[in-house]
Colleague: 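I have a structure I would like to understand better, so I am pasting it below and will then ask my questions one at a time.
Here is how names work: the chains are called A, B, and so on, in the same order as the sequence lines, proteins then strands, and each is numbered from 1. None of the values given here were measured: they were computed from a predicted structure.
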Amino acid sequence: MAQIQAIKGFADLFPEDSALFLRMEQAAREVFPRYAFGELRTPLLEYTDLFRRSIGTETDVVQKEMYTFADSKERSMTLRPEATAGVMRAYIEHGVHAREAVSKFFTIGPMFRHERPQKGRMRQFHQINCECLGPREAEADAEIICMLMEFLGRLNLGDITLQINSLGCPNCRPAYRKILRDWLESLDPAGLCEDCRRRMETNPLRVLDCKVPTCRENTARAPVMLEHQCPECSAHLDTVLRHLRAQGVSFEINHRLVRGLDYYTRTTFEVVSGSIGAQGSVAGGGRYDGLISSLGGPDVPGIGFACGMERLALLMREDGEHFLSRPDFYLASLDDSCRDAAFELAQILRGAGLGGTLAFETRSMKSAMRQADKSRARFALILGPDELAAGTVAVRNMENGEQRAVSRAEAAGALKA
RNA sequence: GCGGAAGUAGCUCAGUUGGCAGAGCACCUGGUUGUGGCCCAGGGGGCCGAGAGUUCAAGUCUCUUCUUUCGCCCCA
């Protein structure tokens, strides 16, 4: 215990790793604004009540996964376990609905859940989150899904699948819930796992989502949600799917797709990958028409999604590409007398927009070249007594080995050419 | 919260029935005047995750603990 260590489930991202995150953020900031989404940054810390009321007190997230503690005035605070709640709070608190009929926000940042860490799951993890508030129309669903797929498409993720389902609305879901529960109760209980027998009572929809193979077999012919929805919900989903087909966005209907958070209604979707182990869900979202009013805000519907950046990073890494950019130069002095001039030259180059390393110690030629090679710089710049006297610097192209003396005043231009 | 596996050099890992702490890669320095990658030579690097115990002797055996990892659960 002498060594100070990072907290379990909290990771350090070195430049090779953060380069992937940077690339995701850049893709998000390019794609989302074209759909009129603007970035909203909300606090990492909120009053615990916000999450209890939005995510649902019965969920695992609220019951056992939140980082909750009291501040000096004994108020219960929680590190955000997801982004939607904070966005909703900000939306309501600032009366945004009164200013505009449709609000579109994205947010990027860390979330915190006290779970057992494993592949693709950290206690501090990062999400890219989008919320579209205001429209009730199916076009909003189709648009945000198209946007998500366009965003993911920029990331070179390999095989991913978009799955869609509809959970119905408060008018038709209770009836389906009852039909499903009755059907489940007619089964031989021995065919279901312990969890499912419990879920049958508390949350029958979750039984469909069980991963135990025998449960899946035995519920294969369960009543299908989509066949028991009201005409409005059916029409809504049809419109969403029609637009996706027209846009060439491929998807599959997953009758078992049930989301974990209580506030979802109608359209739900998830993007999954088979190649990163058990935590294969890369993005997920859906419509939450009752959430804002249940938090004390106006009766404004919404739809949104979240993607897990650590999981995206796992998929991006597989194409083995270099995400770090190459420096322009590596500049070394061969003698102590040259170091002042080297420092000046490095600053001139940086002032001209070039990037690279200045070797602080005087190095031998061999060592300087080895360092230049290792830095992956495009050019090695060498400053020795000869160059110092002549007002030049030796510029070596590391790709082809071509080398020439260039006046120090013109070095920046030579590197750019 | 529940299971399985693993912690030895910066990284990947050897280490026999308990008996001097190792390799490869990486790093540094050289291989005669100031030139990288390949090759060769040399060098720096270790509380063997931590703490107890057994023993003349523990990297090795026992227990505890921490961490990592793969699953379950849940979720992005």
Side-chain angles (χ1 to χ4, degrees), chain A residues 1-11 14 24 55 58-66 81-84 108 110-130 148 152 193-196 198-199 203 206 209-212 258-261 269-273 276-286 304-315 330 332-335 338 361-388 394-403 405:
Chain A
M1 280 302 273
Q3 263 289 348
I4 297 181
Q5 296 176 309
I7 297 171
K8 184 190 185 98
F10 288 65
F14 280 83
M24 289 179 233
I55 300 171
E58 297 311 309
T59 57
D60 280 20
V61 171
V62 169
Q63 287 200 338
K64 45 193 187 194
E65 294 173 0
M66 297 203 302
E82 55 109 53
T84 303
I108 302 176
M111 311 291 158
F112 305 85
R113 289 184 201 174
H114 191 106
E115 302 177 272
R116 187 73 175 266
Q118 62 190 74
K119 189 175 193 176
R121 187 166 75 189
M122 294 284 118
R123 288 182 174 178
Q124 176 179 326
F125 60 104
H126 298 77
Q127 285 189 339
I128 296 179
N129 208 266
C130 292
L148 170 61
L152 295 176
C193 70
E194 196 183 321
D195 284 332
C196 283
R198 179 174 46 77
R199 284 192 281 239
N203 191 351
R206 275 237 157 270
D209 198 31
C210 185
K211 285 161 196 98
V212 176
V258 173
R259 315 236 61 243
L261 280 36
F269 53 94
E270 201 164 305
V271 178
V272 298
S273 163
I276 50 175
Q279 311 301 319
S281 178
V282 147
F305 67 80
C307 11
M309 297 178 77
E310 280 79 4
R311 292 182 190 177
L312 292 180
L314 288 172
L315 293 174
Y330 179 91
S333 338
L334 299 183
D335 186 273
C338 309
E361 294 178 299
T362 298
R363 311 201 76 112
S364 73
M365 183 58 110
K366 187 185 196 79
S367 157
M369 292 306 295
R370 278 182 176 164
Q371 291 300 325
D373 191 50
K374 199 164 352 172
S375 79
R376 304 200 308 132
R378 293 164 47 233
F379 292 96
L381 307 191
I382 304 297
L383 204 43
D386 298 349
E387 288 80 9
L388 184 67
V395 174
R396 183 178 179 89
N397 182 324
M398 296 301 282
E399 294 277 306
N400 56 20
E402 279 175 23
Q403 184 171 333

Colleague: I'd like to know if A:Arg116 reaches the base of B:C75 with its side chain such that a donor and an acceptor end up less than 3.5 angstrom apart.
Modeller: no
Colleague: Using a cut-off of strictly less than 4.0 Å, decide whether A:Arg206 has a side-chain nitrogen or oxygen near OP1 or OP2 of B:C75.
Modeller: yes
Colleague: Nearest to the side chain of A:Met369, which nucleotide is it out of B:G36, B:A76, B:C74?
Modeller: B:G36
Colleague: Select one nucleotide: of B:G36, B:U35, B:C74, the one nearest the side-chain heavy atoms of A:Asp373.
Modeller: B:G36
Colleague: What's A:Asp386 touching, base or sugar-phosphate or nothing? Going by heavy atoms closer than 4.0 Å.
Modeller: base
Colleague: So A:Gly401, base contact, sugar-phosphate only, or nothing? Heavy-atom distance under 4.0 Å.
Modeller: base
Colleague: Between B:C74, B:G34, B:G3, which nucleotide gets closest to the side-chain atoms of A:Leu334?
Modeller: B:G34
Colleague: With a non-hydrogen cut-off below 4.0 angstrom, is A:Ala372 in contact with a base, only sugar-phosphate, or nothing?
Modeller: nothing
Colleague: Is any side-chain N or O of A:Ser364 closer than 4.0 Å to OP1 or OP2 of B:G34?
Modeller: no
Colleague: Considering just the side-chain nitrogens and oxygens of A:Gln118, establish if one lies under 4.0 Å of OP1 or OP2 belonging to B:C74.
Modeller: no
Colleague: Is a donor-acceptor pair below 3.5 Å formed from side chain A:Gln403 to base B:G36, judging by atom type as modelled?
Modeller: no
Colleague: Does A:Ile382 reach a base, just sugar-phosphate, or nothing at all? Heavy atoms under 4.0 Å.
Modeller: base
Colleague: Checking only heavy atoms, does the side chain of A:Arg370 share a donor-acceptor pair with the base of B:C28 at less than 3.5 Å?
Modeller: no
Colleague: Any side-chain N or O of A:Lys366 under 4.0 Å from OP1/OP2 of B:G30?
Modeller: no
Colleague: Applying a 4.0 Å non-hydrogen cut-off, can you work out what A:Gln63 is touching in the nucleic acid: base, sugar-phosphate, or nothing?
Modeller: nothing
Colleague: When you measure from the side chain of A:Lys374, which nucleotide among B:C28, B:C74, B:A76 comes out closest?
Modeller: B:C28
Colleague: Looking only at side-chain N and O atoms, does A:Lys119 come under 4.0 Å of OP1 or OP2 in B:C72?
Modeller: no
Colleague: Salt-bridged, A:Arg370 to A:Asp373, with N to O below 4.0 Å?
Modeller: no
Colleague: Counting just side-chain N and O atoms, does A:Lys64 come under 4.0 Å of either OP1 or OP2 of B:C73?
Modeller: no
Colleague: Would you check if the side chain of A:Glu310 reaches a backbone N or O of A:His126 as a donor-acceptor pair within less than 3.5 Å?
Modeller: yes
Colleague: Do the side-chain N or O atoms of A:Arg363 get closer than 4.0 angstrom to the phosphate oxygens (OP1, OP2) of B:U29?
Modeller: yes
Colleague: How long is the straight-line distance from CE of A:Met66 back to NE2 of A:His114, given to the nearest 0.5 Å?
Modeller: 13.0 Å
Colleague: Could you please name the option among B:U29, B:G34, B:G36 that lies closest to any side-chain atom of A:Ser367?
Modeller: B:U29
Colleague: Give A:Glu270 one of three labels, base, sugar-phosphate or nothing, depending on what nucleic acid heavy atoms sit under 4.0 Å from its own.
Modeller: nothing
Colleague: Which value, in whole Å, describes the distance between the C1' atoms of nucleotides B:G4 and B:A9?
Modeller: 29 Å
Colleague: Name the closest nucleotide to the A:Pro385 side chain, picking from B:A76, B:G34, B:U68.
Modeller: B:G34
